[in-house]
Amino acid sequence: TATENLNLKELLKEYIEQASSDIKTVRGIIPLTPDHISFLCSDSDDYLETVEYIKDWFEVSKELPHSGRRVTIGKLKEVFKVGDLELRYIEIAEPKPVKVDVTRKIDHLSFIPSNYEEFLSKSGELSMDLYDQVQIGDVKLCKWRTENCIFEVRSKGVGEENGIEQPFKV
């Protein structure tokens with residue numbers, strides 16, 4: 001895991017580059033602001049090692065319980081930029097307790113639309129697979145799968161939702 005962590009920034013960059021054409025398609029429907037990228041660890045030890053490795057990347061972070069596992073949300077000291085995409089947050093997650101043989105990977109890339117309901121109403125234009133739509137507290141989110149990546153579109157940013165940052169304008 002320690003060696004794999006040395007390549008984490010490259011892995012994040014490669015994921016975003018592979019997803020770039022899909023990102024343009026999604027952003028073409030309604031203005032979207034990048035929110036975060038989520039990294040799924042293979043087990044609890046991997047989670048703790050990864051959080052320890054990247055804690056210096058964070059200006060501030062918060063560990064939260066979510067679906068029976070730990071998730072750390074970190075606001076980056078420096079914007080992570082790939083092309084015209086700028087991310088301020090990384091989410092590091094343990095696997096859900098019911099999952100076995102989880103592969104260490106990028107889980108999803110998250111965006112906030114200028115208007116969540118309008119995005120949903122126009123989302124039929126996407127040639128992507130909508131496979132999850134939930135509401136957690138006052139945050140609505142949906143997930144779309146393409147060949148290259150998973151997109152999460154949320155009504156509120158992860159930093160705002162978890163008290164890491166004040167609301168910001170899209």
Chemist: What I'd like to find out is whether the side chain of R104 reaches to under 4.5 Å of the side chain of D46, using heavy atoms alone.
Modeler: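 Side-chain contact under 4.5 Å: yes.
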Chemist: Of I136, I112, D138, which is the lone residue that meets side-chain contact (heavy atoms from CB on, under 4.5 Å) with K156?
Modeler: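 It is D138, the one option of I136, I112, D138 that forms the side-chain contact (heavy atoms from CB on, under 4.5 Å) with K156.
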Chemist: Quick check on side-chain contact (heavy atoms from CB on, under 4.5 Å): which of V82, D35, I16 does L87 satisfy it with?
Modeler: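 Among the candidates, only I16 passes.
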Chemist: Are there over 12 heavy-atom neighbours, none belonging to E78, within less than 6.0 Å of that residue's CD?
Modeler: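 Open.
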Chemist: For atom NZ of K77, decide whether the heavy atoms of other residues, nucleotides or ligands shown that lie under 6.0 angstrom number more than 12.
Modeler: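 Count over threshold, so yes.
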Chemist: Quick one: side chain to side chain donor-acceptor pair (under 3.5 Å) partners of R145, sequence neighbours excluded?
Modeler: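 For R145 there are no side chain to side chain donor-acceptor pair (under 3.5 Å) partners, ignoring immediate neighbours.
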Chemist: For P113 and F119, work out which heavy atoms get closest and say how close.
Modeler: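 Heavy atoms only, the tightest pair is CB-CB, 3.9 Å.
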Chemist: Which atom names give the shortest non-hydrogen contact between Y15 and H108, and what distance separates them?
Modeler: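 Taking Y15 first and H108 second, the nearest heavy atoms are OH-CA, 4.0 Å.
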Chemist: Quick one: side chain to side chain donor-acceptor pair (under 3.5 Å) partners of S67, sequence neighbours excluded?
Modeler: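 S67 satisfies side chain to side chain donor-acceptor pair (under 3.5 Å) with no residue once adjacent residues are dropped.
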Chemist: Could you verify whether a donor N or O on one side chain and an acceptor N or O on the other, from S44 and R69, lie under 3.5 Å apart?
Modeler: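 Note: S44 and R69 side chains miss the donor-acceptor criterion.
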Chemist: Given side chains that start at C-beta, do those of R27 and D84 come closer than 4.5 Å, heavy atoms only?
Modeler: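 Yes, their side chains come closer than 4.5 Å.
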Chemist: Is there a side-chain contact between S110 and H36 in this structure, where contact means two heavy atoms from C-beta onward sitting under 4.5 Å apart?
Modeler: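 When only atoms from C-beta onward are counted, H36 and S110 do touch, with a gap below 4.5 Å.
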Chemist: State the OG-CD1 distance between S61 and I90, to the nearest 0.5 angstrom.
Modeler: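 Spacing of OG (S61) from CD1 (I90) equals 11.5 Å.
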Chemist: Would you give the length of the straight line joining atom CH2 of W144 to atom CG of D22, rounded to the nearest 0.5 angstrom?
Modeler: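 One finds 13.0 Å between CH2 of W144 and CG of D22.
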Chemist: Taking only residues two or more places apart in sequence, or in another chain, which ones meet S123 in a side chain to side chain donor-acceptor pair (under 3.5 Å)?
Modeler: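 Applying side chain to side chain donor-acceptor pair (under 3.5 Å) to S123 gives none.
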Chemist: Locate the shortest heavy-atom distance separating V102 from P95; write the atom from each residue and the value.
Modeler: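 Of all heavy-atom pairs spanning V102 and P95, the closest is CG2-CB, 3.5 Å.
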Chemist: List for me each residue that meets side chain to side chain contact (heavy atoms under 4.5 Å, CB included) alongside E86, sequence neighbours excluded, and say none if there are none.
Modeler: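 Counting only residues at least two positions away or on another chain, E86 forms a side chain to side chain contact (heavy atoms under 4.5 Å, CB included) with V79, K81.
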Chemist: Once you round to the nearest 0.5 Å, how far does CG of N7 lie from NZ of K9?
Modeler: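 So the CG of N7 and the NZ of K9 are separated by 12.5 Å.
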Chemist: May I ask you to test the V51-Y53 pair for a side-chain heavy-atom distance under 4.5 Å?
Modeler: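 Sidechains of Y53 and V51: no contact.
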Chemist: Kindly write out the residues that satisfy salt bridge (Lys or Arg N to Asp or Glu O under 4.0 Å) with E118, not counting sequence neighbours, or none if the list is empty.
Modeler: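 E118 satisfies salt bridge (Lys or Arg N to Asp or Glu O under 4.0 Å) with K122 only.
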Chemist: Using the side chain to side chain contact (heavy atoms under 4.5 Å, CB included) criterion, which residues pair with T25? Sequence neighbours excluded.
Modeler: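 Testing T25 for side chain to side chain contact (heavy atoms under 4.5 Å, CB included), a comparison that skips the adjacent residues, returns L126, M128.
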Chemist: Decide side-chain contact (heavy atoms from CB on, under 4.5 Å) for I54 and L8; before the verdict, give the C-alpha distance in whole Å, the side-chain angles of both, and the deciding distance to 0.1 Å.
Modeler: CA-CA 9 Å; I54 68 168; L8 189 55; 3.7 Å; yes
Chemist: Going by the rule side chain to side chain donor-acceptor pair (under 3.5 Å), which residues pair with Q133 if we only count those two or more places apart in sequence or in a different chain?
Modeler: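 With neighbours one apart ignored, the set is empty.
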Chemist: Using side-chain heavy atoms (C-beta onward) and a distance below 4.5 Å, is Y89 in contact with L76?
Modeler: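 Y89 does not reach L76 side chain to side chain.
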Chemist: Would you say the side chain of I30 lies within less than 4.5 Å of the side chain of N115, judging by non-hydrogen atoms?
Modeler: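 Sidechains of I30 and N115: in contact.
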Chemist: Within this structure, what is the CG-CD1 distance for the pair L64 and I73, rounded to the nearest 0.5 Å?
Modeler: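 If we round to the nearest 0.5 Å, L64:CG and I73:CD1 are 5.5 Å apart.
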Chemist: With the side chain counted from C-beta on, respond yes when I106 and S38 share a heavy-atom pair under 4.5 Å apart, and no when they do not.
Modeler: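 I106 does not reach S38 side chain to side chain.
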Chemist: Mind running side-chain contact (heavy atoms from CB on, under 4.5 Å) on F80 and L12 for me, showing each step along the way?
Modeler: CA-CA 9 Å; F80 187 75; L12 298 172; 3.7 Å; yes
Chemist: How many angstroms lie between SG in C142 and CZ in F151, if you round to the nearest 0.5 Å?
Modeler: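 Taking SG in C142 and CZ in F151, the distance rounds to 11.5 Å.
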Chemist: Not counting sequence neighbours, which residues clear salt bridge (Lys or Arg N to Asp or Glu O under 4.0 Å) with E152? List them please.
Modeler: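 Result, salt bridge (Lys or Arg N to Asp or Glu O under 4.0 Å) vs E152: R154.
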Chemist: Go through the structure and list residues passing side chain to side chain contact (heavy atoms under 4.5 Å, CB included) with K105, not counting sequence neighbours.
Modeler: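 Testing K105 for side chain to side chain contact (heavy atoms under 4.5 Å, CB included), a comparison that skips the adjacent residues, returns L40, D107.
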Chemist: Who pairs with D56 by salt bridge (Lys or Arg N to Asp or Glu O under 4.0 Å), at least two apart in sequence or on another chain?
Modeler: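 Testing D56 for salt bridge (Lys or Arg N to Asp or Glu O under 4.0 Å), a comparison that skips the adjacent residues, returns none.
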Chemist: Should L85 and I23 count as side-chain neighbours, where that means a heavy-atom distance under 4.5 Å?
Modeler: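 A side-chain contact under 4.5 Å exists here.
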Chemist: If you measure from CD1 on I37 to NZ on K13, what distance do you get to the nearest 0.5 Å?
Modeler: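 I37 atom CD1 to K13 atom NZ measures 13.0 Å (nearest 0.5 Å).
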Chemist: Who pairs with E52 by salt bridge (Lys or Arg N to Asp or Glu O under 4.0 Å), at least two apart in sequence or on another chain?
Modeler: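 Applying salt bridge (Lys or Arg N to Asp or Glu O under 4.0 Å) to E52 gives K55.
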Chemist: Please list, chain by chain and in numerical order, all residues satisfying side chain to side chain contact (heavy atoms under 4.5 Å, CB included) with S155, sequence neighbours excluded.
Modeler: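 Checked S155 against side chain to side chain contact (heavy atoms under 4.5 Å, CB included); matches are Y116, V139, K140.
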Chemist: Kindly indicate, with the supporting measurements, whether the criterion side chain to side chain donor-acceptor pair (under 3.5 Å) is fulfilled by Y47 and T72.
Modeler: CA-CA 9 Å; Y47 168 79; T72 293; 2.5 Å; yes
Chemist: Check step by step if side-chain contact (heavy atoms from CB on, under 4.5 Å) holds for R88 and E59.
Modeler: CA-CA 10 Å; R88 291 289 300 157; E59 180 180 307; 3.6 Å; yes
